[in-house]
Student: 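After the structure tokens below, expect a handful of questions from me.
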Amino acid sequence: PNNLNVTSSFEVRKIKELCTVSSGGTPSRARSEYYNGNIPWIKTGEVINDIINDTEEKITEEAIKNSSAKIYPKDSLIIAMYGQGLTRGRTAKLGIDASTNQACAVLFNIDNSIILTDFLWAYLIGEYHRLREMASGNNQPNLNAQMIKDYPVIIPPINIQKEVIDKIKLIKSSIVKNKELKSKILMEAEEEFEKAIFS
């Protein structure tokens, strides 16, 4: 991707020119006082191209002080650098302030005068396969923070970014509506079936 022949009239910048990139850490599992706290702690399995509003595990202030885990602000973007199966290269957006393990890259302080957070997120979702390819070629194919910092992003003008975001929101809301409609139809069909069988 770094030598992508981008035939585009739009500007191309590296991720590190658009935001700060960092990662997290895993507090010692031997210290029970580091866990069952109230600070959300994200593992890569929870990074599934969605907004994260809660986490399976929570850690304590003590854990933050004594590990490389940090608290990142709401609206930061997460990229899974490694993980099982399809995990590597997936992204998420923080709907809450949260910490992560070291397998997550976190993009924060995003310069919204250049790129809108939701546009960058949509762009990264679209780059999933390219991101994964960058990490292939060894026994343990992982991404690392440097690869992500150097990753190129095509940046259209803000008005075009807004249009893209609006279209994505429309598509997402129609997917939700269709799922609700499907559930409703299934329930109605089951009720009709039961009536036919038992009446």
Side-chain angles (χ1 to χ4, degrees), residues 1 8 10 15 18-19 38-58 71-101 103-133 143 148 151-199:
S8 165
F10 299 143
I15 285 178
L18 306 171
C19 61
N38 57 9
I39 298 164
W41 183 68
I42 299 162
K43 303 187 288 279
T44 53
E46 296 169 289
V47 178
I48 47 171
N49 299 338
D50 209 342
I51 294 175
I52 295 176
N53 290 311
D54 197 12
T55 56
E56 186 191 354
E57 289 189 272
K58 311 274 195 301
I71 300 172
Y72 291 105
K74 179 183 180 222
D75 292 334
S76 300
L77 300 178
I78 311 283
I79 302 175
M81 293 191 284
Y82 40 101
Q84 298 301 308
L86 301 172
T87 302
R88 187 183 75 249
R90 276 186 179 157
T91 61
K93 182 181 171 185
L94 289 187
I96 46 171
D97 292 354
S99 59
T100 78
N101 71 9
C104 296
V106 186
L107 282 54
F108 62 106
N109 292 339
I110 298 164
D111 187 343
N112 292 148
S113 69
I114 302 173
I115 194 161
L116 301 175
T117 301
D118 283 343
F119 180 83
L120 178 56
W121 186 24
Y123 183 85
L124 291 169
I125 290 173
E127 294 295 292
Y128 171 71
H129 292 291
R130 280 209 190 102
L131 282 162
R132 284 177 69 78
E133 277 165 23
L143 288 163
I148 289 164
Y151 199 81
V153 179
I154 298 168
I155 306 170
I158 294 285
N159 62 319
I160 294 176
Q161 292 182 36
K162 281 181 178 155
E163 279 176 34
V164 170
I165 293 165
D166 289 344
K167 280 190 178 142
I168 290 167
K169 279 181 184 159
L170 273 176
I171 293 164
K172 280 185 176 173
S173 74
S174 77
I175 289 168
V176 169
K177 278 181 193 149
N178 286 337
K179 279 183 179 166
E180 285 167 359
L181 184 62
K182 181 183 159 191
S183 300
K184 188 170 171 256
I185 291 167
L186 277 173
M187 269 174 62
E188 285 168 3
E190 279 169 17
E191 282 167 17
E192 289 296 321
F193 179 71
E194 282 169 12
K195 270 186 208 160
I197 295 282
F198 299 116
S199 59

Student: Has the side chain of D97 got a donor or acceptor atom that lies under 3.5 Å from a matching backbone atom of P73?
Tutor: no
Student: Any luck finding a side-chain donor-acceptor pair between N112 and T117 under 3.5 Å?
Tutor: yes
Student: If we ignore hydrogens and angles and just use 3.5 Å, is the side chain of E46 paired with the main-chain N or O of T55 as donor and acceptor?
Tutor: no
Student: Yes or no on side chain to side chain contact (heavy atoms under 4.5 Å, CB included) for L94 and F108, after CA distance, side-chain angles and deciding distance?
Tutor: CA-CA 10 Å; L94 289 187; F108 62 106; over 6 Å; no
Student: Is the backbone of I42 close enough, under 3.5 Å, to the side chain of T100 for a donor and an acceptor to pair up by distance?
Tutor: no
Student: Any side-chain heavy atom of C104 sitting closer than 4.5 Å to one from T44?
Tutor: yes
Student: Looking at S113 and D111, what are the two nearest heavy atoms and their distance?
Tutor: OG-OD1, 2.5 Å
Student: Any side-chain to backbone donor/acceptor pair from S76 onto K93? Under 3.5 Å, distance only.
Tutor: no
Student: Side chains of W121 and I51: closer than 4.5 Å at any heavy-atom pair?
Tutor: yes
Student: Rounded to the nearest 0.5 Å, how far does CD of E188 lie from OG of S183?
Tutor: 11.0 Å
Student: Are L181 and K177 close enough that some pair of their side-chain heavy atoms sits under 4.5 Å apart?
Tutor: no
Student: Can you find a heavy atom in the side chain of I155 that is under 4.5 Å from one in the side chain of L18?
Tutor: yes
Student: Do Y128 and L131 have side-chain heavy atoms sitting under 4.5 Å apart?
Tutor: no
Student: Please report the C-alpha distance between L107 and I79 in whole Å, then the side-chain angles of each, then the deciding distance to 0.1 Å, and finally whether the side chain to side chain contact (heavy atoms under 4.5 Å, CB included) criterion is met.
Tutor: CA-CA 8 Å; L107 282 54; I79 302 175; 4.1 Å; yes
Student: Can you see which heavy atom on I160 is nearest to which on F10, and at what distance?
Tutor: CD1-CZ, 4.0 Å
Student: Does the distance from a Lys or Arg side-chain N to an Asp or Glu carboxylate O, for E191 and K195, drop under 4.0 Å?
Tutor: no
Student: Before giving the answer on side chain to side chain contact (heavy atoms under 4.5 Å, CB included), spell out for L120 and L124 the whole-Å C-alpha distance, their side-chain angles and the decisive distance to 0.1 Å.
Tutor: CA-CA 6 Å; L120 178 56; L124 291 169; 4.1 Å; yes
Student: Hey, could you give me the CD1/CG distance between I125 and N49, rounded to the nearest 0.5 Å?
Tutor: 4.5 Å
Student: In chain order, what residues pass the ring-ring contact (aromatic ring centres under 6.0 Å, His included) check against F119, with sequence neighbours excluded?
Tutor: none
Student: If you compare all heavy atoms of L116 against all heavy atoms of K162, which two are closest, and at what distance to 0.1 Å?
Tutor: CD1-CG, 3.6 Å
Student: Just by distance, do the side chain of Q161 and the backbone of I114 share a donor-acceptor pair under 3.5 Å?
Tutor: yes
Student: Look only at the side chain of R88 and the backbone of R132, and say whether a donor-acceptor pair between them is shorter than 3.5 Å.
Tutor: yes
Student: Would you name the heavy atoms of I52 and I96 that are closest together and state the gap between them?
Tutor: O-CG1, 3.5 Å
Student: Taking the side chain as every heavy atom from C-beta outward, state whether N101 and W41 have any atom pair closer than 4.5 Å.
Tutor: yes
Student: So, taking the atom named CD1 in I110 and the one named CG in D118, what distance separates them when rounded to the nearest 0.5 Å?
Tutor: 9.0 Å
Student: Any side-chain heavy-atom pair from V47 and T87 closer than 4.5 angstrom?
Tutor: no
Student: Which residue pairs pass the salt bridge (charged side-chain N to carboxylate O under 4.0 Å, His left out) test when at least one of the two sits in residues 164-173, sequence neighbours left out?
Tutor: none
